[in-house]
Amino acid sequence: MEKATAAVLVAPGKFEFREFPIPEINDDEMIIKVQGCGVCGTDGHEYKRDPFGLCPVVLGHEGSGEIVKLGKNITKDSAGMPVKVGDSIVTCIIPCGECSACKNTPARTNLCENVGVYGLFPDDDTHLNGYFATHMKVRANSTFFNVSDMTLDQRLLVEPAAVAVHAVERAKTTHLLNFNTKVLVQGTGPIGLLVMAVLRTLGIENIIAVDGNDNRLEIAKTLGATHTFNFTKYPSFDDMLADVKKVTDGLGAEFVFQCTGVAQAGANAWKLIRRGGGLCEVGFFMDGGNCSINHHFDLCNKEVTAVGSWVYTPQDYPITFSFLKRAAGIGLPVEQLVTHHFPLKDITEALETNVKMLGIKVAVVNE
């Protein structure tokens, strides 16, 4: 029987390579040969301390693979595009179909109470539940998309780019974004950088980036940032705020995307917004802790319009594909965000590189 190899996280900081039989499938399932997978911050947290209690687990959810076994009932992807053996796909969430969100707000299945995500399933009889392996089983009722017309690095950016696309779509519901909006993006990790790229493809020209890492701020400039501020270079937040106001008509940003996952940054974001402005808090899987704001000065007196953003919906994926193609079309170097490629056998080094923030998007790729 043909075997697959998976990197199983058995304890914090410890992977074991295990062989498993490639399972049989029913008419509504498929097997993909994994081509590669990005390393997410969530993977880094799980690798360091197993906060979700998933071990043993095959991680990896930013992946893509080639269909090698296809159930006969699967003829089209979740957007209605034909699929066949040999096509490359990416997977999205698996809504439960039974909770209130699934039944009453089908366009917002990101709020599903029992949502499934490949790479975040505890080990079971299938074993091949994440992309840090040579093969993965795609379950019935999964959402997935044919991305055979995209490069591998583009495909490995789909999942984080969908987070950015969803955040911008949520921000658009405030009706505060237009060609002339002065936008500030707080945090220039992969998500913040992709938010900037999405904004730039929409024609927004005034983008301010705030981070504590000069290298990431330099990358932000290549993706459309017109001004950058390194908060570590200022004696206090108020000193940096004064400089931000100098480039925003003395008022502050008209819209802020908070992309850090850090509680203090979450509090500071409200200070960066001008009166009548807006905020999108881009959600992370990890609890970043509580932050304090002054509800009078930070919210009411400014009449701030705020939205939260939580991962993405399957409907965001086709928009994300168009974004990645458009970004390439206008010369934004989005694919250069994939800074490292490691073979599966070096997965520990890949995770350590991610945890130490030595790259932007670290990828594990199979030959």
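What you see is a predicted model; the values in this text were computed from it and never measured.
Taking 4.5 Å as the limit, some side-chain heavy atom of Gln186 sits within range of a side-chain heavy atom of Leu184. Residues Ile208 and Thr248 meet the side-chain proximity criterion, which asks for heavy atoms closer than 4.5 Å. Counting only heavy atoms from C-beta outward, the side chains of Asn290 and Ser292 never approach each other to under 4.5 Å. Using a 4.5 Å heavy-atom cutoff, the side chains of Phe15 and Val8 are not in contact. At least one side-chain heavy atom of Ser64 sits less than 4.5 Å from a side-chain heavy atom of Val90. No side-chain heavy atom of Phe121 sits under 4.5 Å from any side-chain heavy atom of Val57. With a 4.5 Å cut-off on side-chain heavy atoms, Glu62 and Pro160 count as touching. Contact check for Ile191 versus Phe257: no side-chain heavy atoms found under the 4.5 Å cut-off.
Within 6.0 Å of NZ in Lys14 there are 12 or fewer heavy atoms belonging to other residues, nucleotides or ligands. In this structure, Arg170 places its CZ atom where more than 12 heavy-atom neighbours from other residues, nucleotides or ligands lie under 6.0 Å away. Under a cut-off of 6.0 angstrom, the local environment of CG in Asn301 is crowded, with over 12 non-hydrogen atoms contributed by other residues, nucleotides or ligands. With a 6.0 Å radius and a threshold of 12 heavy atoms from other residues, nucleotides or ligands, Glu16 has its CD atom above the threshold.
Put simply, the side chain of Asp243 never gets that close to the backbone of Met240: no donor and acceptor are under 3.5 Å apart. Under a 3.5 Å cut-off, the side chain of Thr5 and the backbone N or O of Thr134 do not form any donor-acceptor pair. Of the possible donor and acceptor atoms, one in the side chain of Lys302 sits under 3.5 Å from a partner among the backbone N and O of Trp270.
For the atom pair CD of Gln154 and CG of Asp149, the computed distance is 8.5 Å after rounding to the nearest 0.5 Å. Taking CG of Asn366 as the reference point, atom NE2 of His135 lies at 9.0 Å (rounded to 0.5 Å). Annotation: the span from Gln315 atom CD to Tyr312 atom OH amounts to 13.0 Å, rounded to 0.5 Å. The CD1 atom of Ile273 lies 13.5 Å from the CZ atom of Arg275; values are rounded to the nearest 0.5 Å.
Taking the charged nitrogens against the carboxylate oxygens, Asp153 and Lys361 have no contact shorter than 4.0 Å, which rules out a salt bridge. A salt bridge does not link Lys271 with Asp238: every distance from a Lys NZ or Arg NE/NH1/NH2 to an Asp or Glu carboxylate oxygen is 4.0 Å or more.
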Would Phe231 and Phe237 count as a ring-ring contact (aromatic ring centres under 6.0 Å, His included) if you check the C-alpha gap in whole Å, the side-chain angles of each, and the deciding distance to 0.1 Å?
-> CA-CA 7 Å; Phe231 64 83; Phe237 171 76; 9.2 Å; no
Evaluate the side-chain hydrogen bond (donor to acceptor under 3.5 Å, both in side chains) criterion for residues Asp316 and Thr320: first the C-alpha distance (whole Å), next the side-chain angles of each, then the deciding distance (0.1 Å), finally the verdict.
-> CA-CA 6 Å; Asp316 291 316; Thr320 301; over 6 Å; no
For residues 28-42, which side-chain N or O atoms pair as donor and acceptor with protein atoms under 3.5 Å away, sequence neighbours left out?
residue: Asp28; atom: OD1; partner: Asn73; partner atom: ND2; Å: 3.1
residue: Glu29; atom: OE1; partner: Asn26; partner atom: N; Å: 2.9
residue: Glu29; atom: OE1; partner: Lys137; partner atom: NZ; Å: 3.3
residue: Glu29; atom: OE2; partner: Asn26; partner atom: ND2; Å: 3.4
residue: Gln35; atom: OE1; partner: Ser88; partner atom: OG; Å: 3.3
residue: Gln35; atom: OE1; partner: Arg155; partner atom: NH1; Å: 2.6
residue: Gln35; atom: NE2; partner: Ser88; partner atom: OG; Å: 3.1

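Closest heavy-atom contact between Glu281 and Gly266: OE1-CA, 4.4 Å. Smallest separation of non-hydrogen atoms from Val362 and Ala350: CG1-O, 3.6 Å. Minimum interatomic distance between Ala7 and Leu344 (heavy atoms only, all atoms of both residues): CB-CD1, 4.2 Å.
Under a hydrophobic-cluster definition in which Ile, Leu, Val, Met, Phe, Trp and Tyr are linked whenever side-chain heavy atoms come within less than 4.5 Å, directly or via other members, Ile207 and Ile219 are assigned to the same cluster.
A parallel orientation is assigned to the rings of His127 and Phe20, their planes being inclined by less than 30° (bins at 30° and 60°).
For the side chain to side chain donor-acceptor pair (under 3.5 Å) with Thr91, the qualifying choice from Tyr131, Tyr317, Tyr118 is Tyr131, the only one to do so.
Leu156 belongs to a hydrophobic cluster whose remaining members, ordered by chain and number, are Leu152, Val365; membership requires side-chain heavy atoms of ILVMFWY residues under 4.5 Å apart, directly or through intermediates.
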